[in-house]
Amino acid sequence: KKVSHTAPGGEQSSCRFADYFVTCGLDTESGLEPDELSGENFEQSPLRRTFKSKVLAHYPENVEWNSFDQDAVGMLCMPKGLSFRTQTDIRKPQFHSFIITREDGSRTYGFALTFFEEVTSKQICSAMQTLYHMHNAEQYDILHTPPTPRSPEDTRPTPQQLHAAPSLSRLQRFNSYDISRDTLYVSKCICLITPMAFAQACRRVLEQLHQAVTSPQPPPLPLESYVYNVLYEVPLPPVGRSLKFSGVYGPVVCQRPSTAELPLFDFPLQEVFELLGVENVLQLFTCALLEIQILLYSQHYQRLMTVAESITALMFPFQWQHVYVPILPASLLHFLDAPVPYLMGLHSNGQDDRTKLELPQEANLCFVDIDNHFIELPEDLPQFPNKLEFIQEISEVLLAFGISSEANPQCSEGQAKRRGFRSGDMASDKRNGNLAGSPLNSYLLRENQTIARLQALVKRTGVSLEKVRVSLSDDSKVQCDEEEMKMHQLNIRVREVFANRFTQMFSDYEVFVIQPSQDKDSWFSNRDQMQNFDKASFLSDQPEPYLPFLSRFLETQMFASFIDSKILCHDDEDKEHTLRVFDSRVDKIRMLNVRTPTLRTSMYQKCTNIDEAGETSQMEMLFIFNAIEMRLCKIDHTALHPHLLDMKIGQGRYEPGFFPRLQSDVLSTGPTSNKWAKRSAPAQWRRKDRQKQHAEHLYLDNDQREVQTELTQKPQATSVFCWASCDFVILSMQKYIQEARNLGTTLRQPKLSNLSPSVIAQTNWKFVEGLLKECRNKTKRMLVEKMGREAVELGHGEVSITGVEENTLIASLCDLLERIWSHGLQVKQGKSALWSHLLHYQESKEKRDATPAGLGPPERRKSDAGCAMPPLKVSLIQDMRHIQNISEIKTDVGKARAWVRLSMEKKLLSRHLKQLLSDHELTKKLYKRYAFLRCDDEKEQFLYHLLSFNAVDYFCFTNVFTTIMIPYHLVIIPSKKLGGSMFTANPWVCVSGELAETGVLQVPKNTLEITFECQNLGKLTTVQMGHDNSGLYAKWLVECVMVRNGITGHTYKFPCGRWLGKGVDDGSLERILVGELVTNMENEDRMCRTPPMQQSPGMMRRFVTISPNSKPKLNTGQIQEGVGEAINGIVKHFHKPEKERGSLTLLLCGEYGLVWALEQVFQHGFKSPRLFKNVFIWDFLEKAQVYFESTEQSQITQDENWHMRVRHFCHFMRAINSTTRNIGKDGKFQMLVCLGARDHLLHHWIALLAECPITAQMYEDMALLKDHSLVNSLIRVLQTLQEFNITLEASLVKGIGI
């Protein structure tokens, strides 16, 4: 049907195909102006320099809903300014698109065709000739001026100087301009500014307009008629419909996806995959999802735009939230200094040498050299989930279209010729089984087996293909060429594959959305303090390989914005288009999924897994894949044809070969006599319409303007009241969503126009404020999560952070520090700005210091009173040297991150950075005045925020660098009371940690100290200590053992308080000590806010026999509570993710651990021993063993279960007693409890011992073991350990072969 909709100039929201038509080029009145801001080298010949271009004209003057930004349009139409050529140069027209992203996030698209016109101005030609004379004279002087000699040898002429004259003549001959001989050409640009990205249609319009002025025959109508038509008489196609309008020489067709399809995307994905290859595209896609800084690099503007738009389109349903400048004008290179996530495109200007490109910071940069088909990735980039299977699926789709999955250097030249594929020929070839004219007869359907099965399904279901295709007349032919159709079909297939990845990965995301309990205004006022998604629970449901990527992705602004939109849009009517489409797909995934939704699996599920889908879903897929083809076969709407305008006689003429200045009087306003203009909506509603359109630009994909377009195209039957209500609801929702998206991003988009110093200074100030705000939010988040976990370990609440998540937050902090240190750099040195600064500081410090680092007066922290091992000296330089000595770390970025992690673990990050920045002369030398590090107030606040990390314990260095060699220092501290100086035996130790153990180390008995180096042990857990019982006095009372990590400074104390020697205490020659971390405090009065690790058994483990009156006696209630807490600690341990569990040894053998709790059970009611005779629990157990063995031999009748339990108990007792280790009776009891817990036998043994007659002999009547109800309660508690697989540390069961 005909569409006669025409928009009144400037009165309605944009529902027109194009808002502006623009011409840019040389302003002959202002002459040649060098484009100094473009960074050109003026040693180049004038023909290779760039000059300032101007916006020569734009029509109309302005539209209310999209103000014309002359500076931005001028920069982006001709990003490198004017170019000059002569008749010997190639002068092909070049098409490129661009996007103007305003500070508020709203977007407008531009499509430009740049071509060359002959220069007719004699003044310009003369100016170019003069520039060449000056240039040649300068070059002659340079080539014939000898350089300043540095030595007598330098005065000899070089071969280059000897051949200078001939080379100069050749240079002039091939790269010169002679006004009498050459014809001078200058670039010019025509451009359409549109609200939506119909790239292919705009390209055709511009190419036909250019063809009209270059062809020998004039066009049928004046150019003004065609421009007027596309500006005022061509509307946007309605949602899910196609539109045809007339160009100068042929029809132009565009179409919009329906509400059930993916948003509009009109750029060729094929070109992106051919330029970069599938793997590089996926790596770039991963970087974009993690909001890493991305810089695209190419000498083709359209490639920059195509790659940028493709990557952001593939993110569906997520949207890029940060700085987005796909084409960065040469005059705005200072934008690369932005210390925020960005996606920018930089023109290479033919410079292939990547090393000559100086970038402010590269520590977290993804650099994409499009023309050379390669990509530089930041370190520690996690893999996208199921990466290999994902690559395989994409490659299969590409191969179905005859496209290689590898980068193709010839990709952009002559695609149609290279493919050699003519759809028309195959369509009419009956031997291929093709039906000519069928809209379903596409390249995709012919080549893909899956779709072939769908076609068979259609026939089985009885649906007539005649209904699906339109009639086979000429009208049913696809209204675009085969290459464009193939582009659309490939795009939709590839995009569906990417969208399917997110629907599979986030099919259950709604379960984890945290809905606010308060109203929206309250929620927004506290938004930055609130979590909108239960990340910990979501991650705990994910397969292990997904975690490195997902834990970082959940921290991004794009994910937070997506969840905010979900929270704010409860009903389908309120939802954004992307959210509505995504949720509908998630619902279908759930219906098709046979597995339980909450049980995650890493099994890869393809997008086109048709066999498992129901018939209804198969039909839906068929029509989604072919919706575009159907729309292009049957055009839904046709716009008015161009027509003669009311122009004066003589207007509309032009000179062939020159694009004329069009008549502004006929193009400045649209028609006034149309049905839209007859609406008498009040001015305030018109303004609200404009605000609505503007707000939609802020956050919606362009397809989401469907409601607005449909409303404006309906007859005016709606009351003003309904319009007002609708607008109010929509505007309110848009306000909330946009505010949510702006949280945490002080600067959404730098302004592309005004380049005055004050504007640049204001932009940099916004960067500084943004960095400080980001630092505040990051430190707060990390502290809340960390303290939340430590509160859990104290018994409060539930765990809310995982090790993967903590690692992600620390990596994010390292990235922030790199961006802060990169802001305002004078000269970039190395990829890590932070490490470069540290190296400069190290160099200057070592020059100034008279004494070598580490030998000067020790600057030590205050420590706990009575600590026998003083803490390490605080030294920034020494910490740097530790990192420099780690051979596993190869790069500057890696060294900087390791140094940050070490400083955080030592609680010195803020102090070290303050010391680094205290060298003001060095800071001034390295940084410009506007840099963050030279803003004193902000710098102080930044350091204060980092100081708050001292409130919690991090092991982010120890837990990450698990294979490095670390020096340890160990000291044994004997009791001061009983002469340790007389000790004659040879002591030994074995240190164990969460990662490894040392093996036996001999300790000199005269010093009792040893320093050793070994692979990172992790957090230290136990020390096995003993001696060889040699000499006259081999009895030794040890107070404790101290061990210090020589890099992190962590000091562990292993309390003992027991004798080692025969005939004393329990006769043990070796003991296993459990350690605790000694907390260094800045002052002794300040209480540590970090919960300490569980303490080792010390004086509490002594028995009545040693000091009968020193130990408080516990009643049965307290003992029951102690057992319950010990068991509860073990249960909590196993409910944590495996990588987040602490040391089980502490829970078994530490203070108030399971061994201690059962000691209290067996000690309760134990009969007092006779004077001077020591009786231990082990003595009781040995007597019970003798009884059980004799009972079995006497064959007293008991059930089989009783005999099985007895045999187990006796077997374990014999194995422990026969071990070659010199452990005492207490050590043997500890070993029995640990083995019983491991093999789930403790509750059986308690039941046996409670019924044993030996118990009646050795325990009082009030003993716990004689109370049947208490014993049964104890058995039930111990039975809870049965569901856990307890693995014992090797040091606990060494020498036991069970």
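Values reported hereafter were calculated over all heavy atoms of this structure, with side chains retained and with hydrogens, waters and symmetry mates removed.
Taking CH2 of Trp1245 as the reference point, atom CG of Leu1278 lies at 11.5 Å (rounded to 0.5 Å). One finds the CD atom of Gln1230 at 11.5 Å from the CH2 atom of Trp1178 (value rounded to the nearest 0.5 Å). Atom CZ of Arg1044 and atom OG1 of Thr1011 lie 8.5 Å apart (nearest 0.5 Å). To the nearest 0.5 Å, the span separating CD1 on Ile1246 from CD on Glu1251 amounts to 12.0 Å. Summarising the geometry, atom CG belonging to Leu1148 is positioned 10.0 Å from atom CD belonging to Glu1289; distances are rounded to the nearest 0.5 Å. Here CG of Leu1181 is found 9.0 Å from CD of Gln1185. Values are rounded to the nearest 0.5 Å.
With hydrogens and angles ignored, the 3.5 Å screen pairs no side-chain donor or acceptor of Thr958 with any backbone N or O of Phe955. Of the possible donor and acceptor atoms, one in the side chain of Thr998 sits under 3.5 Å from a partner among the backbone N and O of Val991. Using modelled atom types, one side-chain atom of Arg901 and one backbone atom of Cys956 make a donor-acceptor pair closer than 3.5 Å. Counting only distance, with no hydrogens or angles, the side chain of Ser1068 and the backbone of Gly1224 share a donor-acceptor pair below 3.5 Å. Asn1016 places a side-chain N or O within 3.5 Å of a backbone atom of Phe961 that can act as its donor or acceptor partner. Of the possible polar contacts, one joining the Asn1045 side chain to the Ile1047 backbone as a donor-acceptor pair under 3.5 Å is found. For His1027 (side chain) and Glu1070 (main-chain N/O), no donor-acceptor pair under 3.5 Å exists by modelled atom type. Under the 3.5 Å distance criterion, the side-chain polar atoms of Glu1039 are left unmatched by any main-chain donor or acceptor of Ile973. Asn1272 places a side-chain N or O within 3.5 Å of a backbone atom of His1268 that can act as its donor or acceptor partner. For the pair Thr1219 (side chain) and Ile1216 (backbone), a donor-acceptor distance under 3.5 Å is absent.
Enclosure of atom NZ in Lys1266 by more than 12 non-hydrogen atoms of other residues, nucleotides or ligands within 6.0 angstrom is indicated. More than 12 non-hydrogen atoms from other residues, nucleotides or ligands lie less than 6.0 angstrom from CE of Met965.
Here the shortest heavy-atom pairing between Val1074 and Cys1149 reads CG2-CB, 3.8 Å. The two residues Val1000 and Gln1002 come nearest to each other via the heavy atoms CG1-NE2, 3.9 Å. Of all heavy-atom pairs spanning Lys907 and Val952, the tightest one is CE-O, 3.2 Å. The shortest heavy-atom contact between Ala1247 and Ile1275 is CB-CD1, 3.7 Å. Nearest approach of Met1025 to Val989, heavy atoms of both residues: CG-CG1, 4.1 Å. Between Trp1156 and Gly1150, the closest heavy-atom pair is CB-O, 4.4 Å.
With a 4.5 Å cut-off on side-chain heavy atoms, Phe1162 and Phe1180 count as touching. Using a 4.5 Å cut-off on side-chain heavy atoms (C-beta onward), Leu1264 and Leu1270 make contact. Within the 4.5 Å cutoff, the side chain of His1050 has heavy atoms near those of the Leu1077 side chain. A 4.5 Å side-chain heavy-atom check between Val1078 and Met1042 finds at least one atom pair inside the cut-off. Within the 4.5 Å cutoff, no side-chain heavy atoms of Leu1017 are placed close to those of Leu995.
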Inset, instruction - Go through the steps to decide whether Glu1125 and Lys1132 satisfy the test salt bridge (charged side-chain N to carboxylate O under 4.0 Å, His left out), and finish with yes or no. - result: CA-CA 10 Å; Glu1125 287 185 0; Lys1132 282 185 177 181; over 6 Å; no

Inset, instruction - Begin with the C-alpha distance, continue with both residues' side-chain angles, and end with the deciding distance and a verdict on side chain to side chain contact (heavy atoms under 4.5 Å, CB included) for Leu1158 and Phe1229. - result: CA-CA 10 Å; Leu1158 291 179; Phe1229 175 75; 4.3 Å; yes

Inset, instruction - For the pair Asn1285 and Phe1134, evaluate side chain to side chain contact (heavy atoms under 4.5 Å, CB included) and give the outcome as yes or no after the intermediate values. - result: CA-CA 9 Å; Asn1285 182 21; Phe1134 283 102; 5.6 Å; no

Inset, instruction - Applying side chain to side chain contact (heavy atoms under 4.5 Å, CB included), run through His1240 and Gln1279 and close with a yes or a no. - result: CA-CA 8 Å; His1240 308 131; Gln1279 281 176 331; over 6 Å; no

Legend entry - side chain to side chain contact (heavy atoms under 4.5 Å, CB included) assessment of Glu1182 paired with Asn1217: CA-CA 9 Å; Glu1182 286 181 324; Asn1217 271 325; 3.2 Å; yes

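Arg1214 has a carboxylate O that lies under 4.0 Å from a charged side-chain N of Glu1189, or vice versa, which qualifies the two as a salt bridge.
Using cut-offs of 30° and 60° for the angle between ring planes, the Phe1012 and Tyr968 rings count as parallel. Between Phe1166 and Tyr1259, the ring planes lie tilted relative to each other; the angle falls in the 30° to 60° range. The aromatic rings of His1208 and Phe1212 sit perpendicular, their planes meeting at an angle over 60°, well past the 30° parallel limit.
In summary, the side chains of Asn1029 and Lys1062 do not present any donor paired with an acceptor at a separation below 3.5 Å, with no hydrogens or angles considered. For the residue pair Thr1021/Glu994, the side-chain donor-acceptor check at 3.5 Å is not satisfied.
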